[in-house]
Amino acid sequence: MTRFTAAAEDVAKRLRDGMVGGVLSFPLTSFREDGGLDLEAYRAYLTAQLDSAPGAVFPACGTGEFFSLDEDEYRAVVRATVEIADGRLPVVAGIGYGWAQALRFARIAEEAGADAALVLPHYLVAATQDGLVEQLRRIASGTSLPLIAYQRGQVDFTADSLRRIAEIPTVIGLKDGHSDLDRLQRLTLAAPDDFLFFNGASTAEIQARAYATVGVPAYSSAVHAFAPEIANAFFAALRDGDDAGVTKLLRDFYVPLVELRDRVPGYAVSLVKAAAGLRGLPVGPVRAPLTDPGREDLDALAKVLDDGLKVVGAVRGSG
């Protein structure tokens, strides 16, 4: 007999099926040059993204600048994503801040038709394990949406806490951004067999092989947001045991991208958006406090992007 609610069981199955066949897509949110939301541009951008067959789509999360969206903008982005996805794949919307505000976003996402929510790390403060568990319990008590916890920054569950959150019938999984594989292995062993785990490290492909060794092959791909050809080629090589193909993409594209990303705080999002812009995708600039790359870094990014596309037999203008 399942631990989950019926809705949570259905979403968990769809996510499990989806992540076997494709990367988890975290789309950018399109803004105009004046900083306003450009919903029509977002719809055009997302339509192209979903044509590349990701396993699931996670709108308004970290890559989508959740932290910069007001509630009306958030509603519009999630609703547009649900409409464009049209039931083809699960839509998991980001929610966050303290539990009361997270619930406001969860209810908006639920009304907009999202299938589940990713609970982004709460705002700023450190917390005890009891507090981390209670945060999820509070959110789960106020929405019927299935929930995926995201541990990163100040959120870091122990094996005992993982067992406790797994008892909540709408909490279906955990996304990990700490990359502590010893601790992650303990979490996977403590969890029920049907609990989902995702690799949520920055530029997750860099550590995808390592995560797979502890039983976590599924991962989020920011690269899919601007170069689905590269993201899908890497996914296929990893899935098919093509070690030479994985290594070549890591050496020629992912490592240079990460070295560039690490130059400036916030580049984990800013470079992704700039790379999409280099491909002519209608995403616009980032919102403050993030900053767009300067000319020198843009030129370096263009070379990294062209090198990666060359590996998979694509060109920049085909995005």
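The figures here come from the full heavy-atom set of this structure, side chains too, leaving out hydrogens, waters and symmetry mates.
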Could you report the tightest heavy-atom contact between [X] and [Y], atom names first, then the distance?
X	Y	value
Thr291	Tyr267	O-CE1, 4.3 Å
Ile168	Ala140	CG2-CB, 3.6 Å
Ala116	Leu145	N-CD2, 4.0 Å
Ala274	Leu301	CB-CD2, 3.7 Å
Met19	Ala218	SD-CB, 3.4 Å
Val92	Pro59	O-CD, 3.2 Å

Please answer whether the main-chain N or O of [Y] pairs with a side-chain N or O of [X] as donor and acceptor at a distance below 3.5 Å.
X	Y	answer
Ser52	Gln49	yes
Asp70	Asp72	yes
Ser221	Val23	no
Arg279	Phe226	yes
Glu65	Arg287	yes
Arg251	Pro256	no
Thr81	Val77	yes
Asp115	Pro90	no

Sole candidate of Leu39, Leu69, Val283 that passes side chain to side chain contact (heavy atoms under 4.5 Å, CB included) when paired with Thr29: Leu69
Option among Val11, Asp10, Leu196 that satisfies the side chain to side chain contact (heavy atoms under 4.5 Å, CB included) test with Pro146: Val11
Steps toward side chain to side chain contact (heavy atoms under 4.5 Å, CB included) verdict (Lys303, Asp307): CA-CA 6 Å; Lys303 183 181 185 309; Asp307 288 347; 2.8 Å; yes
[X] and [Y]: side chain donor to acceptor below 3.5 Å:
X	Y	answer
Arg107	Thr143	no
Glu71	Gln101	yes
Tyr211	Asp176	yes
His178	Gln151	no

Among residues at least two apart in sequence or on other chains, which ones pass ring-ring contact (aromatic ring centres under 6.0 Å, His included) with [X]?
X	answer
Tyr254	Phe234
Phe31	none
Tyr74	Phe66, Phe105

Set of side-chain contact (heavy atoms from CB on, under 4.5 Å) partners for Asp160, sequence neighbours left out: Thr158, Arg163, Arg164
Set of side-chain contact (heavy atoms from CB on, under 4.5 Å) partners for Ala233, sequence neighbours left out: Leu249, Val312
Hydrophobic cluster membership, Phe198 vs Val20, 4.5 Å side-chain cutoff: no
Hydrophobic cluster membership, Val255 vs Val223, 4.5 Å side-chain cutoff: yes
Mutual orientation of the aromatic rings belonging to Tyr45 and Tyr42 [parallel < 30°, tilted 30-60°, perpendicular > 60°]: tilted
What I'd like to find out is whether the side chain of [X] reaches to under 4.5 Å of the side chain of [Y], using heavy atoms alone.
X	Y	result
Ile165	Leu132	no
Leu298	Arg295	yes
Glu229	Leu309	yes
Val214	Arg183	no
Arg16	Asp194	yes
Phe4	Pro169	no
Leu174	Phe195	yes

Residue pair Thr203, Arg261: steps toward the side-chain hydrogen bond (donor to acceptor under 3.5 Å, both in side chains) verdict: CA-CA 9 Å; Thr203 318; Arg261 181 201 73 195; 2.7 Å; yes
Proximity of Tyr123 and Tyr97 rings by center, below 6.0 Å: no
Trace of the side chain to side chain contact (heavy atoms under 4.5 Å, CB included) decision for Trp99 with Val119: CA-CA 9 Å; Trp99 64 262; Val119 183; over 6 Å; no
Side chain to side chain contact (heavy atoms under 4.5 Å, CB included) between Ile206 and Leu250, worked out: CA-CA 7 Å; Ile206 287 285; Leu250 288 173; 4.1 Å; yes
Neighbour count >12 (heavy atoms, 6.0 Å) for atom CZ, Arg239: yes
Crowding at CZ, Arg263 (>12 non-hydrogen neighbours, <6.0 Å): yes
Verdict with supporting geometry, Leu120 and Phe67, side chain to side chain contact (heavy atoms under 4.5 Å, CB included): CA-CA 10 Å; Leu120 302 169; Phe67 50 85; over 6 Å; no
Trace of the side-chain hydrogen bond (donor to acceptor under 3.5 Å, both in side chains) decision for Gln135 with His122: CA-CA 9 Å; Gln135 164 92 339; His122 64 267; 4.8 Å; no
Basic-acidic side-chain contact under 4.0 Å: Asp86, Arg88: no
Note: Lys310-Asp306 ion pair, threshold 4.0 Å (strictly below): no
For Glu83, all residues meeting side chain to side chain donor-acceptor pair (under 3.5 Å), sequence neighbours excluded: Arg43
